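What you are looking at is a predicted structure, and each value in this text was computed from that prediction instead of being measured. When reading the values below, keep in mind they use all heavy atoms of this one structure, side chains included, and skip hydrogens, waters and symmetry mates. Residue numbers begin at 1 in each chain, while the letters A, B, ... track the order of the sequences.
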Amino acid sequence: MTRRAPLVLAVLALALILPAAASACAGGWTTTGIQQDLMCPTCNQRLDQSHSAIADRIRAYLDQSCRAGRTEAQVKDALVAQFGQEVLAAPPARGFGLLAWVVPAAVLAAGAALAAGLALAWSRRRGAAGATAPLTPDLEARIDDDLRRIG
Amino acid sequence: VPVHLRRLLQVVAILVLAGLVGLFALSLRQSSTSVRAEVEGGDSPQAPDFTLRGIGGGGPVRLSDHRSQVVLVNFWASWCQPCREETPLLVGWAKRYRDRGLTVIGVDAQDFIGDARRFASHYRVTYPLGHDPDNSLMRRWGVTGFPETFLVDRNGRVIHAFTPGPVSDGDLRRYVLPRLRQPA
């Protein structure tokens, strides 16, 4: 039994390693992971959530591309050539698609700058309103009179 | 905040807002001026010309190459089950009425070109087939599913948009035959 132990361990190790190696394609992409970056062309759903005929066909293409040793970029380029940019869940960060990445970031930055500016202006105004003006001699005399009367 | 900076920010905000309103109006206009919308609204618009990469060999597929003919523009995809039922009918009509001036143009979209080619070979399609690579033609014609078919007369006007789904022999007899009898 002790002689067989290393063999059993080796088989167990292979069983754990092999599925991971089999699911990773050229460059490290996986057929399940890439589906989150792709859209079903006919149903406006992410590919991993779609059960349409064309979604099944694209999944078969992904398996086939993985076996053929294609990289993630090659697979996406091929799909865009057949189905258009709409097959990508997120627009590419180049050309016109760059706007989709830049505009939200710019709007966020502008909003943060505006909020900071307003907060600064508000705190200045509050500081100015809170500052006390020096007492005039006349007012000082009246306060003294009042205090004497109370005391 | 300095006054001139505040003015500048106001101008930028107004410009951004105007741009967004413009884009919204443009998208509304595009969706309402599809070929299907115009035909269903009672118009017979001039068919927008297109040039597509041919699927079956023989170069690009152009609608304008078929002026003075009656053209059925059929949108399809190889994975679409109703398209499989419809295609033999279209193949038969294209053959039977070719000499009387009928052409069918198949526009394959949302599909792998290889699958489309196998489909065409399986059903022995002899009429021109092109691939719409970015769905722009589908949008222009207002196609939302497969199959969808449009009838273009000899003057290049879209005179009928068939109900989405496969066309029947009765549909074709009713709408296509009278047009084949008419001269350009």
Greatest number of heavy atom pairs closer than 4.5 Å to chain A - which of B:Ile113, B:Asp111, B:Thr144: B:Asp111

Inter-residue atom distance B:Phe112.CZ - A:Leu79.CG, 0.5 Å rounding: 5.5 Å

Shared hydrophobic cluster for B:Val158 and B:Leu151 (ILVMFWY, side-chain gaps under 4.5 Å): no

Heavy atoms of other groups near B:Arg96 CZ, more than 12 under 6.0 Å: yes

Connected via hydrophobic side-chain network under 4.5 Å: B:Leu89 and B:Val71: no

Residue part contacting chain B, namely of A:Ile58, when any heavy atom lies under 4.5 Å: both

Single-linkage hydrophobic cluster B:Tyr175~B:Val167, side-chain heavy atoms < 4.5 angstrom: yes

Top contributor to chain B interface from A:Pro41, A:Ala78, A:Ser52 [non-hydrogen pairs under 4.5 Å]: A:Pro41

Co-membership, hydrophobic cluster, residues B:Leu180 and B:Leu172, 4.5 Å side-chain: yes

Cluster overlap B:Val152 with B:Val107, hydrophobic side-chain contacts below 4.5 Å: yes

Side-chain donor or acceptor of A:Gln82 paired with backbone N/O of B:Pro133 under 3.5 Å: no

Student check: side-chain heavy atoms of A:Phe83 and B:Asp132 closer than 4.5 Å: no

Point-to-point distance, once rounded to the nearest 0.5 Å, from SG of A:Cys40 to CD of B:Gln110: 8.0 Å

Which portion of A:Val80 sits near chain B, non-hydrogen atoms under 4.5 angstrom: backbone

Heavy-atom side-chain contact between B:Trp79 and A:Thr42 under 4.5 Å: yes

Stepwise side-chain contact (heavy atoms from CB on, under 4.5 Å) check, A:Gln85 with B:Asp134: CA-CA 7 Å; A:Gln85 292 285 349; B:Asp134 56 5; over 6 Å; no

